[in-house]
Amino acid sequence: MAGGLFKGRTLVYSDLNHIIIRILPKYAPEAVDNAILVSSHIDTVFSTGGAGDCSSCVAVMLELARGISQWAHGFKHAVIFLFNTGEEEGLNGAHSFITQHPWSKSIRLAIDLEAMGIGGKSGIFQAGPDPWPIETFAAVAKYPSGQIIAQDIFSSGAIKSATDFQVYREVAGLSGLDFAYADNTAVYHTKNDKLELLKLGSLQHLGENMLAFLLKIAASSHLPKVNTMVEEDNKGQSTAVYFDILGTYMVVYRQHFANMLHKSVIAQSLLIWTTSLLMGGYPAAISLALSCFSVILMWIFALSFSVLAAFIIPLISSSPVPYVANPWLVVGLFAAPALLGALTGQYLGYLILHTHLSNVYTKKKQISPVIQADLIKSEAERWLYKSGSLQWLILLILGTYYKIGSSYLALFWLVPPAFAYGFLEATLTPARFPKPLKLATLLIGLAVPILISAGGFIRLAGTIIGTVVRLDRNPGGTPDWLGNVIVATYVAAVMCLTLVYLLSYIHLPGAKKSIVLSTCLLFGLSLAVVSLGIIPPFTKDTSRAVNI
């Protein structure tokens, strides 16, 4: 394999037996040479019943085969259902089929069904390299689900796993889609991957999406060309950026359009910032530098407070990861200290910025001291708000340069808040005095980013929480705090990225004291609950997995 879990390894297998179904249209003989592959594996690891990984996918495939067989008379392509074995040992089944079976030469598109948990939505986490499959899926799926951020994370190697789709893509040069269930990740490859936890709605979700997709592409006159992966990946232009909105709509656009859009936004943002600094002169440049320093302080304190909590938890808990069975405990254990740290860091930056602006306004002797104090506070508040957009602008520049699909998040967290600020708050001349930020600016600016990204952030947090249980499988093999630090770092990063606009509003109305007391109380209660064992770290359905 060129990358992933099995990179640099030599895999050996023999005597694999698969179950293969090929459905052909009766009056389209050319369909024999053009087939769509739908694949999953019927084997599982020794320690589990495999209800999610991957009996759920096999069940959906069986029902799809039954349904597809009744519609095949209108198809222009064959549909092959591959129930393979040997996947858990090293993707052997997919490799044996794609390199040895005579039907493999007819395949033009590959769809792999997988599970990294049990239940929830089955979402796309790998697509391409040709964008046609994901574009078609987005157009016809009833409940489209998929996030390119999952593809970026998976392809980076951060998740030590691999699927049959890698074989179809690298060995056979096929384009396609890779689906996976990712809810309740803690039961993955454990005895609790059992039928009782499997939700019928999850099977229905995947089945309805796949049925609509297969009916569309099997009757289509177009299928992607084979062996285009290297060419497309080198170009980096024709791959697709995709994400769903509340599991109801899916947005798909190509990378070359993303590059043009992102570069346009970057150019306009830099132009606006340059104009603003030229109008404001040296004091504006210092204010910008100090507001950026407040963002740096916010990150330092948020990460420090959250990671400190991560080190405390193993000392007071019976389990290094006491929140696996109850993921919402993370809100109190990590999000509360991260919020407290972010607020502390930004407030320190606010005080430094306030001092600088006081020196600037002192030179304007025509302003009365009372009005001057209010103007300084309002000006500092505005600079803190604008520093949030600068933070996202930097991320957008980096994401565009490295062609990271997930950089669409930076676009949505940059443009709407900046537009709301420019529409409701911007002063076109230095002669106009600043006023406190309007609540409407915050509501209008954050509505779209939250709608687009909140679900993805929460689902990714759930996946990370479920995954850290595997770090504890070999007691003593890894530090007890490692899983906590990973979760804490993720939570703190999300808090700093998304709350930077909101926190700028807190320094004027005097809400800091109540927020600090509330977060401290929530953190203290969460620690008490964990320490006293009121909420158990594991349950009969979410157990600790230990290698013996």
task = Evaluate whether atom NZ of Lys512 has more than 12 neighbouring non-hydrogen atoms of other residues, nucleotides or ligands under 6.0 angstrom away.
result = yes

inquiry  = I need the minimum non-hydrogen distance between Ser514 and Ser518, along with the two atoms involved.
reply    = O-OG, 2.8 Å

Only distances under 3.5 Å count here; give the side-chain donor-acceptor pairs of residues 289-314 to other protein atoms, sequence neighbours excluded, each with its distance to 0.1 Å.
unit_1	atom_1	unit_2	atom_2	d
Ser291	OG	Ser287	O	3.2
Ser291	OG	Leu288	O	2.7
Ser294	OG	Ser291	O	2.4
Trp299	NE1	Gln391	OE1	2.7
Ser304	OG	Ile300	O	2.6
Ser306	OG	Ala488	O	3.2

Phe423 CZ: over 12 foreign heavy atoms closer than 6.0 Å = no

ask   = Hey, is the main chain of Thr542 close enough, under 3.5 Å, to the side chain of Thr539 for a donor-acceptor pair?
value = yes

Close side-chain approach of Leu499 and Leu502, heavy atoms under 4.5 Å = yes

key: Phe137/Tyr242 aromatic ring centres below 6.0 Å   = no

remark   = In terms of heavy-atom contacts, Phe165 and Gly128 come closest through CZ-O, 3.6 Å

Rounded distance [0.5 Å steps], NZ in Lys263 versus CD in Gln268 = 15.0 Å

ask   = Pairs in or reaching into residues 500-510: which pass salt bridge (charged side-chain N to carboxylate O under 4.0 Å, His left out), with residues at least two apart or in two chains?
value = none

ask   = Is His262 reaching over with its side chain to a backbone N or O of Tyr401, donor-acceptor style, under 3.5 angstrom?
value = no

note = Across all chains, not counting sequence neighbours, the side chain to side chain donor-acceptor pair (under 3.5 Å) partners of Asp53 are His41, His189

Identify all side-chain donor-acceptor contacts of residues 519-527 below 3.5 Å with residues at least two apart in sequence or on another chain.
unit_1	atom_1	unit_2	atom_2	d
Thr519	OG1	Ile515	O	3.0
Thr519	OG1	Val516	O	2.9
Ser526	OG	Leu522	O	2.8

Sequence-distant partners of Leu197, side chain to side chain contact (heavy atoms under 4.5 Å, CB included), two or more places apart = Ile118, Asn184, Val187, Lys194, Asp541

message = Is there a side-chain contact (heavy atoms from CB on, under 4.5 Å) between Trp273 and Leu393? Walk through the geometry before answering.
response = CA-CA 11 Å; Trp273 273 108; Leu393 175 60; 4.1 Å; yes

message = Treating Asp244 as the side-chain partner and Gly146 as the backbone partner, does any N or O pair qualify as donor plus acceptor under 3.5 Å?
response = yes

ask   = Taking all atoms of both residues into account, what is the closest heavy-atom pair of Ile464 and Val487, and its distance?
value = CG2-CG2, 4.0 Å

inquiry  = Lys438: which residues meet the salt bridge (Lys or Arg N to Asp or Glu O under 4.0 Å) condition with it, sequence neighbours left out?
reply    = Glu425

Which atom of Ser161 lies closest to which atom of Tyr188, heavy atoms considered = OG-OH, 4.1 Å

query = For Tyr501, which residues count as a side chain to side chain donor-acceptor pair (under 3.5 Å) partner, sequence neighbours excluded?
reply = none

query = Can you tell if the side chain of Ile266 reaches within under 4.5 Å of the side chain of Thr400, non-hydrogen atoms only?
reply = yes

task = Using the test side chain to side chain contact (heavy atoms under 4.5 Å, CB included), find all partners of Ile458 that sit at least two apart in sequence or belong to another chain.
result = none

query = Does Leu333 reach the side chain of Val491, with side-chain heavy atoms less than 4.5 Å apart?
reply = no

message = As an exercise, state the distance from CD of Glu381 to CD1 of Ile376, rounded to the nearest 0.5 Å.
response = 14.0 Å

message = Tell me if a side-chain donor or acceptor on Ser264 pairs with a main-chain N or O of Met260 at a distance below 3.5 Å.
response = no

ask   = Can you tell me if Thr274 uses its side chain to pair, donor with acceptor, with the backbone of Leu270 under 3.5 Å?
value = yes

message = What verdict does the side-chain hydrogen bond (donor to acceptor under 3.5 Å, both in side chains) test give for Tyr323 and Asn484, after you've listed the backbone C-alpha separation in whole Å, the side-chain angles of each residue and the deciding distance to 0.1 Å?
response = CA-CA 10 Å; Tyr323 43 82; Asn484 292 325; 2.7 Å; yes

query = Can Ile535 and Val530 be said to form a side-chain contact (heavy atoms from CB on, under 4.5 Å), step by step?
reply = CA-CA 7 Å; Ile535 297 179; Val530 168; over 6 Å; no

request  = Could you tell me which residues satisfy side chain to side chain donor-acceptor pair (under 3.5 Å) with Thr344, sequence neighbours excluded, listed by chain and number?
outcome  = none

message = Before you tell me yes or no, could you show the steps for Lys121 and Leu206 under side-chain contact (heavy atoms from CB on, under 4.5 Å), namely the whole-Å CA-CA distance, both residues' side-chain angles and the distance that decides it to 0.1 Å?
response = CA-CA 7 Å; Lys121 297 178 180 179; Leu206 176 58; over 6 Å; no

query = If you round to the nearest 0.5 Å, how far is CZ of Arg459 from CD1 of Ile149?
reply = 12.0 Å

query = Could you give the distance from CG (Asp178) to CD (Gln166), rounded to the nearest 0.5 Å?
reply = 10.0 Å

ask   = So, for Glu114 and Asp112, which heavy atoms are closest and what is the spacing to 0.1 Å?
value = CG-OD2, 3.5 Å

ask   = Can you find a heavy atom in the side chain of Tyr249 that is under 4.5 Å from one in the side chain of Pro144?
value = no

Only distances under 3.5 Å count here; give the side-chain donor-acceptor pairs of residues 345-355 to other protein atoms, sequence neighbours excluded, each with its distance to 0.1 Å.
unit_1	atom_1	unit_2	atom_2	d
Gln346	OE1	Ser504	N	3.4
Gln346	OE1	His507	NE2	2.9
Thr355	OG1	Leu351	O	3.0

message = If you define the side chain from C-beta out and look only at heavy atoms, does anything of Trp481 sit under 4.5 Å from Pro320?
response = no

request  = Mind running side-chain contact (heavy atoms from CB on, under 4.5 Å) on Tyr361 and Leu375 for me, showing each step along the way?
outcome  = CA-CA 9 Å; Tyr361 275 88; Leu375 292 177; 3.9 Å; yes

key: Note, Leu390 side chain near Lys386 side chain (heavy atom, < 4.5 Å)   = no

request  = Output the distance between atom CZ (Arg254) and atom OG1 (Thr239), rounded to the nearest 0.5 Å.
outcome  = 9.5 Å

Student check: side-chain heavy atoms of Tyr143 and Thr248 closer than 4.5 Å = no

Gap between atom CD1 of Ile159 and atom CZ of Phe125 - 0.5 Å precision = 8.5 Å

task = Output all residues satisfying side chain to side chain donor-acceptor pair (under 3.5 Å) with Glu379, sequence neighbours left out; order by chain, then residue number.
result = Trp383

query = Does the Ser156 side chain pair with the main chain of Ile153, one donor and one acceptor, at a distance under 3.5 Å?
reply = yes

request  = Quick one: closest heavy-atom pair of Ile134 and Ala127, and the distance?
outcome  = CB-CB, 4.2 Å

task = Measure the shortest side-chain to side-chain distance between Ser531 and Ser317 over non-hydrogen atoms and say whether it is less than 4.5 angstrom.
result = no

Would you list the atom pairs, donor with acceptor, under 3.5 Å between side chains in residues 406-417 and any protein atom, with sequence neighbours excluded?
unit_1	atom_1	unit_2	atom_2	d
Ser406	OG	Asp152	OD2	2.4
Ser407	OG	Ile404	O	2.7
Tyr408	OH	Gln147	OE1	2.9
Trp413	NE1	Ser453	OG	3.0

